[in-house]
Q: 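One structure, as structure tokens, below. Some questions next.
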There are 2 protein chains.
Amino acid sequence: MDVRTLCLAVLYQGEASGYEIKKAFQEGAFSHFQDASFGSIYPALGRLSSEGLVECTQMAQEKRPDKKVYKLTQSGEDSLITSLLTPPTPDKFTSDFFFVLYFAELLPLPQVIKLVDQRISFYQEIIERMTTCDPAALPTGRRLCHGLGLTVYQNSLAYLEENKERFIAELRSQNTIHTSSDPDTNRTQIETNRHIS
Amino acid sequence: MDVRTLCLAVLYQGEASGYEIKKAFQEGAFSHFQDASFGSIYPALGRLSSEGLVECTQMAQEKRPDKKVYKLTQSGEDSLITSLLTPPTPDKFTSDFFFVLYFAELLPLPQVIKLVDQRISFYQEIIERMTTCDPAALPTGRRLCHGLGLTVYQNSLAYLEENKERFIAELRSQNTIHTSSDPDTNRTQIETNRHIS
DNA sequence: TTCAACATATATCAAGTCGATATATGTGAA
DNA sequence: TTCACATATATCGACTTGATATATGTTGAA
């Protein structure tokens, strides 16, 4: 979804500055499935302003730098709905964790263990944050989002915890790279895995 | 992860052309957690070539356009390992499905039902494709990747199937937008939801 | 107390990436 | 036959990211 629509979506929840819109993607409700940087938010707000989809009020006072508060117009609301009605593009998921895990055999075992442990902590923290809010208080659509997301994290955590020990034991038993710094042994290991599909 | 490393990773599995590398991200093993386009793959292969991390063999014959087959060098293998050892960046997940679902109350009910049904089919198809291969045949790292990914898809599917009817019933019962095309009714609906957190 | 780290707030820029498009040919199905 | 699709490389405009610049307030630890 383009950043312009993303901004409209945040502003639909209430007026906000560019800085606050960024926070919605960093810590807020949208943080799990959308993102945008300042470099795209500020230009987007400029365009939305000139097209009349948002209105900007300059808050010159404050003890901070000027704050530009943006507010959705009726035209902006219409544009948001229209965008929501267009067929959604496929999900995009990129993960270095999965990528590194894929090549676990090539890495020192302690490194792999650390990777998995960090992942477990990562899931635990997200789950804790997500379970502090009461789902019953959410509107229907948001509640399904929340429930589906939480399910994914909980089951990922459970899977990792259930398989961690077996996984590590298997890695330990099958190669020598982890206990030796002999380059020849190393090389042999790499060659061994080379053509496994 | 930068596209250069991604190319090295694909080439680690065996030599390939730019076109074939693209396919690895589109249909192959990496398709679930990494992506790259021609616009980034071809320049990356050029740089990798000039840096000696890959070797290029021009296959001039064939009945097709020239095929440039790239092969990993020792230096390229070392570079891949080094990249795998650097701390992984956080996952990135963007989903229009979640985004639209979040605003389900604002949309016509048939549209929302279609969205959920398509999602269910999407999960079913992926699960079917992933369960055709035998996980026991995979190297340890790949097997954990595969298992974790499959778990996510299976549990997402189960959650949607379990909650679909209740979700739709709830949407149907709470608003009028879905059965009326009266713009005033429409507007009222939008205002009603306006400030729900 | 002081001082570093962090938060608020806007904005820009180089580098990288995507999605579409161009080019050229082969294959298979309707 | 003709059209859609697959193979194959390559480029380009538009967009996005991540880092950085600028300026100030707050907070907590040494």
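No hydrogens, no waters, no symmetry mates; every other heavy atom, side chains included, goes into these values. Order of the sequence lines fixes the chain letters, A, B, ..., with proteins taken first and strands second; residue numbering starts at 1 for each chain.
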Q: Can you tell me the distance, in whole Å, between the OH atom of B:Y70 and the P atom of D:dA10?
A: 6 Å

Q: Which of the following nucleotides, D:dT16, C:dA9, C:dT17, is nearest to the side chain of A:Y42?
A: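 Nearest to the side-chain atoms of A:Y42, counting from C-beta on, is C:dA9.
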
Q: Given atom CZ of A:R4 and atom P of D:dC15, what is their separation to the nearest angstrom?
A: 9 Å

Q: Could you tell me the separation between the NZ atom of B:K67 and the C1' atom of D:dA6, rounded to a whole number of Å?
A: 12 Å

Q: Nearest to the side chain of B:K92, which nucleotide is it out of D:dT16, D:dG18, C:dA9?
A: D:dG18

Q: Taking only residues two or more places apart in sequence or in another chain, which ones pass side chain to side chain contact (heavy atoms under 4.5 Å, CB included) with A:A9?
A: A:F30, A:L80, B:F99, B:F103

Q: Minimum heavy-atom separation for A:Y70 to A:S49, with atom names?
A: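 For A:Y70 and A:S49, the tightest heavy-atom pair comes out as CE2-OG, 4.0 Å.
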
Q: Check every strand shown and say whether B:S40 touches a base, only sugar-phosphate, or nothing at a heavy-atom separation below 4.0 Å.
A: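 Touches sugar-phosphate only.
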
Q: Can you list the residues that meet the side chain to side chain contact (heavy atoms under 4.5 Å, CB included) rule with A:Q154, with sequence neighbours excluded?
A: A:I127, A:L150

Q: What distance do B:S121 atom OG and B:L157 atom CG have between them, rounded to the nearest 0.5 Å?
A: 9.5 Å

Q: Taking OP1 and OP2 of C:dT8, is either one under 4.0 Å from a side-chain nitrogen or oxygen of A:S17?
A: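 No.
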
Q: B:I41 CD1 to C:dG19 P: how many Å, rounded?
A: 12 Å

Q: Whole-Å distance between D:dT7 P and B:Q26 CD?
A: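 Computing the B:Q26:CD to D:dT7:P distance gives 10 Å.
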
Q: Determine: side-chain N/O of A:K68 to OP1/OP2 of C:dA11, distance under 4.0 Å, yes or no.
A: yes

Q: Mind listing the closest non-hydrogen atom pair of B:Q111 and A:L85 along with its distance?
A: NE2-O, 3.1 Å

Q: Using the six-membered ring of B:Y19, assess whether NZ or CZ of B:K67 lies under 6.0 Å from its centre and within 45 degrees of the ring axis.
A: no

Q: What's the angle between the local helix axes at either end of the helix from C:dT1-D:dA30 to C:dA30-D:dT1, using five pairs per end and rounding to 10 degrees?
A: 40°

Q: To the nearest angstrom, how far is A:L6 atom CG from D:dT17 atom P?
A: 9 Å

Q: Going by heavy atoms closer than 4.0 Å, what residues in residues 31-39 of chain B are next to DNA chain D?
A: B:F38, B:G39

Q: Let's see if you can work this out: which of D:dG18, C:dA7, D:dT9 has an atom nearest to the side-chain heavy atoms of A:Y19?
A: C:dA7

Q: Which heavy atom in A:R166 sits nearest to a heavy atom in A:E162, and how many Å separate them?
A: NH2-O, 4.2 Å

Q: At 4.0 Å (heavy atoms only), tell me whether B:K23 reaches a base, stays on the sugar-phosphate, or touches nothing.
A: sugar-phosphate

Q: By the ring-ring contact (aromatic ring centres under 6.0 Å, His included) test, which pairs, at least two apart or in different chains, include something from residues 106-147 of chain A?
A: none

Q: What side-chain hydrogen bond (donor to acceptor under 3.5 Å, both in side chains) pairs are there with at least one residue in residues 90-99 of chain B, not counting sequence neighbours?
A: A:T89-B:D96, A:D91-B:S95, A:S95-B:D91, A:R119-B:D91

Q: May I ask you to evaluate whether B:K22 reaches the phosphate of C:dC18, defined as a side-chain N or O under 4.0 Å from OP1 or OP2?
A: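 False: B:K22 side-chain N/O out of range (4.0 Å or more) of C:dC18 OP1/OP2.
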
Q: Expressed as a whole number of angstroms, how long is the span from B:D2:CG to D:dT17:P?
A: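 Roughly 17 Å, once rounded to whole Å.
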
Q: Starting at atom CD of A:Q58, determine the distance to atom C1' of C:dT10, rounded to an integer number of angstrom.
A: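 Atom CD in A:Q58 sits about 10 Å away from atom C1' in C:dT10.
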
Q: Quick check: does any side chain N or O of A:S79 sit under 3.5 Å from a backbone N or O of A:S75, one acting as donor and the other as acceptor?
A: no

